2 protein chains.
Amino acid sequence: MKLRQLRSLVTLVDTRFSVSRAAKELHLVQPAVSQHLKQLEEEVGTRLFVRQGNRLTGLTDAGEKVVHYARRTLAETASILAVGRDHVAEDRGVLRIGTTHTQARYVLPPVIRRFSMAYPEVELQIHQGVPDQLADMAVHDTVDLAICTEALDSHPALKVIPCFRWNRCLVAPTDHPVLSKRPLTLELLSTYPLITYVIGFTGHGRFHDSFARVGLRPRVVLSAADTDVIKTYVREGLGLGIMACLAFEAGRDDDLAMRDLSHLFPWEVTKIAYAREKYLRRFQEEFINIFQAGTQPMARGRKWQASTGP
Amino acid sequence: MKLRQLRSLVTLVDTRFSVSRAAKELHLVQPAVSQHLKQLEEEVGTRLFVRQGNRLTGLTDAGEKVVHYARRTLAETASILAVGRDHVAEDRGVLRIGTTHTQARYVLPPVIRRFSMAYPEVELQIHQGVPDQLADMAVHDTVDLAICTEALDSHPALKVIPCFRWNRCLVAPTDHPVLSKRPLTLELLSTYPLITYVIGFTGHGRFHDSFARVGLRPRVVLSAADTDVIKTYVREGLGLGIMACLAFEAGRDDDLAMRDLSHLFPWEVTKIAYAREKYLRRFQEEFINIFQAGTQPMARGRKWQASTGP
DNA sequence: CGTTCTTACGTGTGTCGTAACGATC
DNA sequence: GATCGTTACGACACACGTAAGAACG
């Protein structure tokens with residue numbers, strides 16, 4: 001068995017079973033990849049692929065399992081190289097962060113500023129995605145760290161570190177009648193057209209649950225994947241925005257009024273996750289520390305620290 | 001990076017840093033292994049070995065980490081091949097069991113009889129060792145399953161399945177005066193010379209604790225690694241034997257008298273363990289089931305079942 | 001007929017073994 | 001000087017790329 005063969009296998013799967021695409025991805029020619037797959041299948045001794053004619057279209061049961069272990073194998077080898085890079089140039093390398101728009105736009109800037117000061121030689125990459133994608137990216141080692149609020153806990157292969165909690169606020173044009181009313185209740189909110197996050201994002205599930213629990217149904221006229229779109233349509237007068245407090249920028253958003261709503265909705269927790277068995281480079285651990293320190297810590301004094309055990 | 005190189009690395013470590021021994025183990029010549037190590041070190045980009053002259057004597061910090069991931073890598077590839085063997089010949093292969101003398105001698109025979117009936121084509125290997133060794137063997141995939149009472153819980157890399165509980169009994173020559181006394185108490189026992197298991201074996205720690213808790217010190221005149229030795233010296237009249245009840249054979253041991261002592265000592269639990277991420281072949285899972293069914297189950301109805309998750 | 005994968009074949013790289021050299025005890 | 005390691009070199013194998021052929025839409 002060769003690592004190349006395993007690499008071809010997982011790339012084939014990741015390119016949705018196109019040998020040619022996999023070959024391109026791997027900077028090889030098709031026949032080379034074909035040979036890898038053939039040899040691997042031969043060595044394992046059982047059919048790994050579902051074939052239609054001579055086209056590969058899926059995995060057999062055995063194939064699924066083999067791919068699982070192949071992924072792990074490659075992740076381990078990546079860790080080996082990471083160990084080397086860490087020792088050779090502790091403060092040089094790439095940090096690939098997967099996160100959502102809201103985190104990238106409103107939470108990460110100060111963290112990244114501090115991190116870049118400490119590690120000016122580290123190249124930062126920010127990959128955006130929806131929480132489900134982010135979890136997959138972390139598992140498959142497409143990103144080093146995934147930062148978001150949802151979807152991370154479900155993955156048993158991820159190590160998840162809760163970082164800080166946040167809640168929602170109401171955003172409205174400064175002359176909107178709702179601003180004069182108080183207290184702000186779910187009943188009151190449900191009488192207005194609302195703008196909030198799309199499902200699968202930043203606690204959308206709990207948003208609806210909070211209304212449902214008291215027998216209400218919010219009138220969501222627009223749901224957006226990112227906070228800037230929400231604010232834009234609030235400015236347009238389309239409705240009231242309900243979004244993460246931390247996304248309200250004091251200076252830039254003074255044409256909007258903000259009201260805290262943490263008495264109406266459960267707290268959300270933003271977490272950092274990474275593949276459980278991944279070797280974290282020094283500066284990657286350090287990023288986590290800076291992130292926890294730079295945002296309001298969940299619980300003071302219980303700072304996360306690196307652990308070598310699983 | 002090549003798998004061969006990783007194999008050479010871990011073999012080097014396992015042969016206590018002799019390139020020649022490692023080469024012999026791998027059926028290669030020394031220069032080949034030297035080259036592997038050199039190339040690997042080059043690719044990782046940092047010193048992995050502590051050298052004295054040109055002799056390798058140990059690992060650097062980086063080396064330790066690399067070896068860790070190399071071991072995992074090789075284990076994953078072994079799992080890949082195991083998947084294949086499982087699908088090609090479900091009922092053929094090797095089952096390597098690591099266990100202690102007592103288990104091998106008194107617990108396993110009926111289990112193995114049943115297993116061999118179900119899987120006559122599976123070659124069974126029984127490797128004996130002390131619990132600590134067994135744990136290591138399971139972690140390093142020298143055995144597929146480790147079966148014993150102690151030392152398994154401490155290893156986070158092991159998946160541990162409690163199987164059945166047992167306790168100790170008193171064994172004495174049929175004419176021994178202690179047999180007429182009752183109740184049997186720790187005080188009483190501590191007045192006689194005792195023969196039991198050596199430290200590190202089958203609950204030896206708890207054995208002493210039970211006495212210590214009531215301020216007594218047992219007079220152990222001989223401690224043995226296996227039950228047969230204990231019985232032998234009890235027959236010699238050297239002292240009273242305190243051993244696992246299950247090791248008393250009704251027919252063969254009728255020249256000895258047996259008294260249950262489960263009211264004096266805590267219950268011990270025999271467990272099966274295997275490397276957490278190891279791919280268990282069908283018949284390996286089946287062995288676990290047979291073991292649980294064939295011995296008194298810990299808790300009826302809560303039978304162990306295979307899980308794919310970690 | 002273009003796309004996609006396979007088979008066939010040549011070339012260059014790589015890996016192992018033999019052999020000679022160097023270091024350490 | 002015996003053991004253990006590295007370096008040097010040659011034979012063989014292997015993996016990739018090119019090119020041509022076969023299956024599918």
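The basis for the numbers below is simple: all heavy atoms, side chains too, and nothing from hydrogens, waters or symmetry mates. These numbers come from a predicted model, not from an experiment. Per chain, numbering begins at 1; letters A, B, ... match sequence-line order.
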Rounded to the nearest 0.5 Å, the NE2 atom of A/H36 sits from the CG atom of A/L3 at a distance of 11.0 Å
Rounded to the nearest 0.5 Å, how far does NZ of A/K38 lie from OG of A/S8? 14.5 Å
Measure [atom1]/[X] against [atom2]/[N] and give the value in whole Å, please.
| X | N | atom1 | atom2 | result |
| --- | --- | --- | --- | --- |
| A/R16 | C/dT3 | CZ | P | 17 Å |
| B/F49 | D/dG5 | CZ | P | 12 Å |
| A/E42 | C/dT6 | CD | C1' | 14 Å |
| A/L26 | D/dG17 | CG | C1' | 15 Å |
| B/R51 | D/dC4 | CZ | C1' | 14 Å |
| B/L12 | D/dC4 | CG | C1' | 12 Å |
| B/R21 | D/dG5 | CZ | C1' | 13 Å |

Counting distance only, does the side-chain N/O of B/K271 pair as donor-acceptor with the main-chain N or O of B/T149 below 3.5 Å? yes
Protein proximity profile, nucleotides 13-25 of chain C - base contact B, sugar-phosphate-only contact S, no contact -, cut-off 4.0 Å on heavy atoms: --SBBBB----S-
If an axis is fit to five pairs at each end of the helix from C/dC1-D/dG25 to C/dC25-D/dG1, what is the angle between the two, to the nearest 10°? 30°
Just by distance, no angles: are the side chains of B/H101 and B/D228 close enough, under 3.5 Å, to form a donor-acceptor pair? yes
Have B/T227 and B/T102 got a donor and an acceptor in their side chains that come within less than 3.5 Å? yes
Check the phosphate of [N] against [X], side-chain N and O only, distance under 4.0 Å to OP1 or OP2. Yes or no?
| X | N | result |
| --- | --- | --- |
| B/K38 | D/dT7 | yes |
| B/S20 | D/dT3 | no |
| A/S34 | C/dT6 | yes |

Using a strict threshold of under 4.0 Å (side-chain N to carboxylate O), is an ion pair present between A/R282 and A/D86? no
Pairing residues for B/T11 by the side chain to side chain contact (heavy atoms under 4.5 Å, CB included) criterion, not counting sequence neighbours: B/T15, B/A22, B/E25, B/L26
Can you say whether the rings of A/F283 and A/Y119 are parallel (under 30°), tilted (30 to 60°) or perpendicular (over 60°)? tilted
Could you tell me how the ring of B/F115 sits relative to the ring of B/F287: parallel (under 30°), tilted (30 to 60°) or perpendicular (over 60°)? perpendicular
